[in-house]
Structure formats: C-alpha cells, structure tokens
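Here you go, one structure.
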Amino acid sequence: MKSEMYSTFANEYDEVIQGNIYNAYLERPTLQAMLPALTDLDVVDLGCGSGVYAQYMLAHGVKKVTCIDYSSEMVELVNIKASKAGVSDKVTAYAQDLSKGLPQEIDKSADLVISPLMVHYLEDLSPLFSDVHRVLKSGGSFVFSTHHPFADFECSTTGNYFDRERVTEKWDTVGVPVEVSFYRRSLTEIMNALTENGLVVTQISEGEVLEKVKEISPEKYEYLSKNPNFIFIKCQKLG
C-alpha cells in the first residue's frame, strides 16, 4: 500500500528509524532475537525499507539477501548502501507489490524469510504467505512482525474485533504529519493465514522495549512496558 512515508519521505524515514523508540528499541531487538544463526543463509527480506535489516544480516554472515519493497525509493536506498559498502554482489533489491506474492522468487530458494512491520499493509495475507511457503526450503523459517491486534482494535469503527478494517491515520514519524493506511485484523485471521498455507508457528512474542528508552522518554517506556504494540511470529516450513 503506497504512502508518502516510504516514497516522498524515504530519506527522512531512513534517518529516523536508526535510533527511534519503536523501531530501534522495540521492534528490531525483539525480531532479531527470534532469528536463527545467520551464517551462510540465503535470506529474503519482505518490506525491506531502506535496508536496515539487510545491513544487520550481512554483518552476521548471510550468504546473500534479497530485498523486496513496494517503494522504489526504498529499493534505491538499499542499492546505494550496498554499493557504498562493497556488498552489491550479496544484495539483490527490487520493487514488488507484495500483495501479489513473490512471482520472481524460485521454489525452495530461501533458508529464511523475514518481514518487519509490513504485512499490515496487505488486505489479504494468503497470496504472500502461500509464496513464502513455496520459496522456503524445507525446515526454513519465516519471522515477521506486525501491529498487535489488541493495539489496533482501538482504531476499529465497527466495534467488532473479528472484522478486518482499513485504517487511515496521520503519523508524525518523520517530523511532519503523513497519512498512512493499513489493515487491522484479528489474531485468528493471522494464524489461519499461516496454517492454511502450510506454515507451522514455533514462537510468538509481544515484544519487550529496551530499558534505554527510560532515558529517552520515561512516559513511553512506562506505556510500552505495559501495553503491547507489535506482535512477532516465527514459523517453519516442515515439508
């Protein structure tokens, strides 16, 4: 789902997420802790953004990483960073509407697929989750984060937790209000989309904000310590 946040403000977004509370001190530490050993893995990064996860995975020894994002501006940032770091031979990056799955990726080609804070932009999860299963090697893992259904329920206009609803808000992530739309859905819908596409859930986390946030914003630390904001799910392809 297109948003100016990830196109017009791509550079500003890249700068902000390096050290902000939600990405740097809550989402990334939690998801990274759920990843398997990365040495020599072939990885696909869905909703790669500006390549922060790609940099992390390359630093931890992956063989190669394929970065895919809806935003061509984000993909350009990934390629620029890879070139500057001299790792272009290990990075493939391209723009793709992930609601249509992964048509360019071949069967059983990835050891690990990750997707940080992206799937809530998809109306229907099944096309992507089906292709994640197809692209993973047997025993491979899919690790992703998304909005916590409990946190998103406060945005409901129907009052029915089990409804899937498109939500539009203005976020000030980059210092100016930018309109962002996403889909809120129940945990049941997320789990069914995984299991119906052959993925077995092996771990769930609701995240843990780092104590460093106390120094940045005691109020945010207090809130995030008591209220789930994201949910993190690790799955495996068994066959």
Side-chain angles (χ1 to χ4, degrees), residues 1-7 9-10 12-35 43-57 65 67-71 73-75 77-78 93 95-99 112-125 128-129 132 141-155 164 166-174 178-185 187 189-190 193-194 203-210 213 220 224 227-235:
M1 191 180 295
K2 190 170 180 61
S3 169
E4 284 190 327
M5 178 83 74
Y6 310 116
S7 54
F9 296 101
E12 291 85 351
Y13 182 80
D14 177 42
E15 183 176 346
V16 166
I17 64 168
Q18 303 297 327
N20 70 349
I21 290 173
Y22 288 92
N23 296 92
Y25 299 123
L26 174 55
E27 196 279 334
R28 287 202 297 274
T30 305
L31 191 142
Q32 288 169 1
M34 296 171 72
L35 298 178
V43 182
V44 179
D45 182 356
L46 306 176
C48 64
S50 58
V52 175
Y53 269 96
Q55 290 173 294
Y56 173 84
M57 291 185 292
V65 57
C67 299
I68 310 172
D69 201 279
Y70 188 91
S71 166
E73 291 85 356
M74 289 294 184
V75 168
L77 286 176
V78 173
Q96 162 73 37
D97 180 354
L98 290 166
S99 69
L112 170 67
V113 177
I114 70 165
S115 185
L117 298 180
M118 186 281 295
V119 301
H120 43 264
Y121 296 119
L122 306 180
E123 184 173 8
D124 183 2
L125 299 178
L128 181 62
F129 286 4
V132 167
S141 297
F142 175 38
V143 187
F144 69 97
S145 58
T146 188
H147 291 180
H148 197 292
F150 177 83
D152 275 358
F153 185 47
E154 66 182 27
C155 304
R164 181 197 304 161
R166 178 170 170 158
V167 176
T168 299
E169 298 181 330
K170 285 192 175 180
W171 296 353
D172 62 357
T173 307
V174 295
V178 180
E179 192 170 276
V180 178
S181 294
F182 59 89
Y183 291 93
R184 74 150 207 94
R185 52 174 51 90
L187 181 59
E189 181 178 329
I190 296 171
L194 292 167
Q203 185 180 359
I204 293 179
S205 173
E206 292 172 294
E208 185 174 352
V209 65
L210 298 188
V213 174
K220 280 279 178 65
L224 291 171
N227 297 273
N229 204 74
F230 304 134
I231 191 165
F232 304 78
I233 301 177
K234 182 176 183 177
C235 313

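What you see below is based on every heavy atom in this structure, not just the backbone, and it leaves out hydrogens, waters and symmetry mates.
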Rounded to the nearest 0.5 angstrom, the CZ-CD distance for Phe9 and Glu4 is 5.5 Å
Validation row: His148, Ile231 side chains within 4.5 angstrom (heavy atoms):
yes
Closest non-hydrogen atoms of Pro228 and Ala151, given as atom of the first, atom of the second and distance, are O-CB, 3.4 Å
Taking side chain as C-beta onward, heavy atoms only, is Leu31 less than 4.5 Å from Tyr56?
no
With rounding to the nearest 0.5 Å, note down the distance linking OH in Tyr13 to OG in Ser3.
10.0 Å
So which of Thr146, Leu128, Ile68 actually passes side chain to side chain contact (heavy atoms under 4.5 Å, CB included) with Met118?
Leu128
Can you label the angle between the Phe129 ring and the Phe142 ring as parallel, tilted or perpendicular, going by 30° and 60°?
perpendicular
If I take atom CD from residue Glu15 and atom CG from residue Asn20, how far apart are they, to the nearest 0.5 angstrom?
11.5 Å
Shortest non-hydrogen contact from Asp14 toward Ser50:
OD1-OG, 2.6 Å
May I ask you to test the Tyr22-Leu224 pair for a side-chain heavy-atom distance under 4.5 Å?
yes
Is there a side-chain contact between Thr30 and Phe230 in this structure, where contact means two heavy atoms from C-beta onward sitting under 4.5 Å apart?
no
Spatial distance of atom SG (Cys235) from atom CZ (Phe144) [nearest 0.5 Å]:
5.5 Å
Please lay out, stage by stage, how Ser71 and Asp69 fare under the test side chain to side chain donor-acceptor pair (under 3.5 Å).
CA-CA 5 Å; Ser71 166; Asp69 201 279; 4.5 Å; no
Is the shortest side-chain heavy-atom distance between Gln203 and Phe232 below 4.5 Å?
no
Validation row: His120, Tyr183 side chains within 4.5 angstrom (heavy atoms):
no
Measuring from Leu98:CG to Tyr121:OH, what's the distance to the nearest 0.5 Å?
12.5 Å
Heavy-atom side-chain contact between Val143 and Leu112 under 4.5 Å:
yes
If I take atom OG from residue Ser145 and atom CE from residue Met34, how far apart are they, to the nearest 0.5 angstrom?
9.5 Å
Side-chain heavy-atom pair Leu117, Asn23 within 4.5 angstrom cut-off
yes
